[in-house]
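See below for the structure under consideration.
These numbers come from the heavy atoms of this one structure, side chains and all, not from hydrogens, waters or symmetry mates. Chain naming here is simple, since letters A, B, ... match the order of the sequence lines and numbering starts at 1 in each. It should be emphasised that the depicted structure is a prediction, and the values quoted were computed from it without experimental measurement.
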Number of protein chains: 2
Amino acid sequence: MQGKITMGSKERIQRIKEETRANILDAALEIVKEDGWQSLSMRKIADKIEYTAPIIYEYFANKEGILLELTRLGNVLLLKDFKAVQAKHKTPEKQLEAMWIAYWDFAFSHKELYQLMFGVDMICCDLTKSLPEAEAGKKMFYDLISTIMTESEPTEEIVCRKYYTFWSIIHGLISINLVRRGSTTDEMNQHILRDAIQGIIKAIND
Amino acid sequence: MQGKITMGSKERIQRIKEETRANILDAALEIVKEDGWQSLSMRKIADKIEYTAPIIYEYFANKEGILLELTRLGNVLLLKDFKAVQAKHKTPEKQLEAMWIAYWDFAFSHKELYQLMFGVDMICCDLTKSLPEAEAGKKMFYDLISTIMTESEPTEEIVCRKYYTFWSIIHGLISINLVRRGSTTDEMNQHILRDAIQGIIKAIND
DNA sequence: TAAATAATCTAACAGTGTTAAGCAAATGTA
DNA sequence: TACATTTGCTTAACACTGTTAGATTATTTA
């Protein structure tokens, strides 16, 4: 009899443990949204989830572990956006354009996550490599670029080059807007963004 | 008699004060080159110049003051490079290209300063605005772009747009190389860089 | 030489990430 | 039910961080 109850309580305990883990991540992101990455500290997170700091170390190895998990979650979100907008378009060209615009939108609707993921105005954790979620998004771009260039039989290296050309200009443009806010107007950004994307797509078969 | 000596010693004192100020900046940059921006601390700087930490506060308001001065110095260096390479070319097109390549080279020959100035992998100090040295370099680009576009009588806004298009792609490309080292090969970078610069220059009259 | 001033250091405060020890409550066992 | 054990959580501490105030030492001035 007690056995059954114990089993149930064990599950309950594991459930609230997962909840606490999620609470830690939520609290962290909330603090960052309020006062920026600089202001994030273990004790503040603990305060927010109404525990003391050492508790966090039962859920994450250290502070960097929290950051790593947040970048992972960011990549999951971004990937979801990619898939959603890709499904909305037929031609690879339109899909590619839509995905870069989704990338752009993500940077501003999840400003803090973007800063963490791509190191704008932020201490970038070195462990970002070997995140499979990040690779998945990259692969989507590779595939699309390859498809568009199919008649010219592109090498992996050329596809890679096109991808980074895209990434550079869009990340650079986002950087201006996130770090030096207000240097460019919204209409300007839209102009630069569309020009750049379509320009590169047009030049993709060079 | 003593008066003359006193005057001399006062000058000497001011000279070694300026030396100490420079030593602080040198020490800071040295530490960053050895162990990165994260590792920079007031006490480490003090150790290196063989003083104790509070001394530094007689030369700089706080740590951010040191960072601000280093970004200023970085901008001075960059501006010097700009002027040097511009003098080496005749046509505005060649000058513009040479300046962006100088920008690129600066990012890697003064990696740490670039990180500080443009917030790659670094806590970017917000006080960067209103640095006249930074404005001067920007103006050089504006002038060149205006000159190249002279027949189409560009508005300030369009020139601004072209400038940020340049900056975006080059800063983005530098970001990949400074933050995610080794993602792209050197030859690839050269390819992307030249392609991008000449592509944008060619499209500058659109 | 004695007083005044400048240069420098020590000590401290509040904050950071992180770890070890301890307490108290819940659980398992007899 | 009584004892033992594990679990959850906290307090305390360590080694750092930036920064400031007060004491101390050295130098200059009278």
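When the side-chain hydrogen bond (donor to acceptor under 3.5 Å, both in side chains) test is applied to B:Lys44, the partners found at least two apart in sequence or on another chain are B:Ser39. Annotation: side-chain contact (heavy atoms from CB on, under 4.5 Å) contacts of A:Arg21 (sequence neighbours excluded): A:Tyr59, A:Phe60, A:Glu69. Residues passing the side-chain contact (heavy atoms from CB on, under 4.5 Å) test with B:Tyr163 are B:Trp100, B:Lys138, B:Phe141, B:Tyr142, B:Ile145, B:Trp167, sequence neighbours excluded. Residues forming a ring pair (Phe, Tyr, Trp, His ring centres under 6.0 Å) with A:His191 (at least two apart in sequence, or on another chain): none. Qualifying side-chain contact (heavy atoms from CB on, under 4.5 Å) partners for B:Lys33, counting only residues two or more places apart in sequence or in other chains: B:Leu29, B:Glu112. Shown here are the side-chain contact (heavy atoms from CB on, under 4.5 Å) partners of B:Ala107, two or more places apart in sequence or in another chain: B:Tyr114, B:Ile174.
Axis angle between the ends of the helix from C:dT1-D:dA30 to C:dA26-D:dT5, five pairs each and rounded to 10 degrees, works out to 40°.
To the nearest angstrom, C1' of D:dT19 lies 11 Å from CD1 of B:Ile56. Going from atom CG of A:Asn62 over to atom P of C:dT16 covers 17 Å, rounded to whole Å. The nearest whole Å value for the distance from the OH atom in B:Tyr57 to the P atom in C:dC9 is 15 Å. Between the CD1 atom of A:Ile66 and the C1' atom of C:dT16 there is a distance of 14 Å, given to the nearest Å. Counting to the nearest Å, the P atom of D:dT7 and the CD1 atom of A:Ile16 are 15 Å from each other. If you take CZ of A:Arg21 and P of D:dG8, they are 16 Å apart, rounded to a whole angstrom.
Scanning residues 23-36 of chain A for heavy-atom distances under 4.0 Å to DNA chain D yields an empty list. Of the residues in residues 39-49 of chain B, B:Leu40, B:Ser41, B:Met42, B:Arg43, B:Lys44 come within less than 4.0 Å of DNA chain D through at least one heavy atom, sorted by number.
Two rings, from A:Phe118 and A:Tyr103, have their centers less than 6.0 Å apart.
Residue pairs meeting the salt bridge (Lys or Arg N to Asp or Glu O under 4.0 Å) criterion with at least one partner in residues 91-102 of chain B, sequence neighbours excluded, are B:Glu97-B:Arg194. Contacts classified as side-chain hydrogen bond (donor to acceptor under 3.5 Å, both in side chains) and involving residues 48-58 of chain A (residues at least two apart or in different chains) are given here: A:Glu34-A:Lys48.
Residue A:Arg72 holds its CZ atom at 9.5 Å from CG of A:Leu25, rounded to the nearest 0.5 Å. Note that CG of A:Leu116 and CG of A:Asn75 are 9.5 Å apart. Values are rounded to the nearest 0.5 Å.
Side-chain atoms of B:Pro54 lie closest to D:dT20 of the nucleotides D:dT19, D:dT20, D:dT11.
A salt bridge is absent between A:Asp47 and A:Arg43: the closest approach of a Lys/Arg side-chain nitrogen to an acidic carboxylate oxygen does not fall below 4.0 angstrom.
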When you compare the protein's N or O atoms with those of nucleotides 6-8 of chain C, which come within less than 3.5 Å of each other, and at what distance?
residue : atom : partner : partner atom : Å
C:dT8   : OP1  : B:Tyr51 : OH           : 3.1

Start with the C-alpha distance between A:Leu173 and A:Ile169, add both sets of side-chain angles, then the distance that settles side-chain contact (heavy atoms from CB on, under 4.5 Å), and finish with yes or no.
CA-CA 6 Å; A:Leu173 196 54; A:Ile169 193 161; 5.6 Å; no

